[in-house]
Amino acid sequence: MSWLPLIIAVLLSITLLVGYVMVLVGIRREDKALSLRRNPGGASASLARKVTGCYVRDGVTWT
């Protein structure tokens with residue numbers, strides 16, 4: 001049995017898990033800060049907005 005497919009699967013699963021946790025942390029930060037109308041506060045918040053599609057390109061003009 002070759003170890004290469006197992007190593008690739010483990011690395012891929014770790015990468016997906018880290019990305020998932022970053023999105024969860026970003027969503028939690030945005031929710032606690034109530035800051036969807038402002039720029040994201042960090043990398044995890046920015047990633048969470050891009051993944052969920054909840055972002056504003058040029059700011060909000062109606063507030």
Side-chain angles (χ1 to χ4, degrees):
M1 181 173 136
S2 175
W3 287 96
L4 186 60
L6 181 62
I7 292 171
I8 291 172
V10 168
L11 290 176
L12 183 61
S13 63
I14 289 172
T15 303
L16 290 174
L17 181 65
V18 167
Y20 181 71
V21 168
M22 281 186 65
V23 169
L24 288 178
V25 167
I27 290 172
R28 180 75 172 166
R29 286 181 64 196
E30 291 288 299
D31 189 37
K32 286 186 101 171
L34 298 173
S35 63
L36 284 178
R37 294 184 183 156
R38 293 179 271 146
N39 289 329
S44 62
S46 178
L47 177 67
R49 286 187 186 190
K50 288 179 183 174
V51 168
T52 60
C54 184
Y55 58 92
V56 177
R57 289 191 181 126
D58 298 325
V60 178
T61 60
W62 48 270
T63 57

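Under the side-chain contact (heavy atoms from CB on, under 4.5 Å) criterion, I8 pairs with L4, sequence neighbours left out. Remark: I7 pairs with W3, L11 by the side-chain contact (heavy atoms from CB on, under 4.5 Å) rule, at least two apart or across chains. I14 pairs by the side-chain contact (heavy atoms from CB on, under 4.5 Å) definition with V10, V18, not counting sequence neighbours.
Contact record, L47 with G19: CD2-O, 4.3 Å, taken as the closest heavy-atom pair.
Note on V51 and I27: same hydrophobic cluster, where clusters join Ile, Leu, Val, Met, Phe, Trp and Tyr whose side-chain heavy atoms are under 4.5 Å apart, directly or indirectly.
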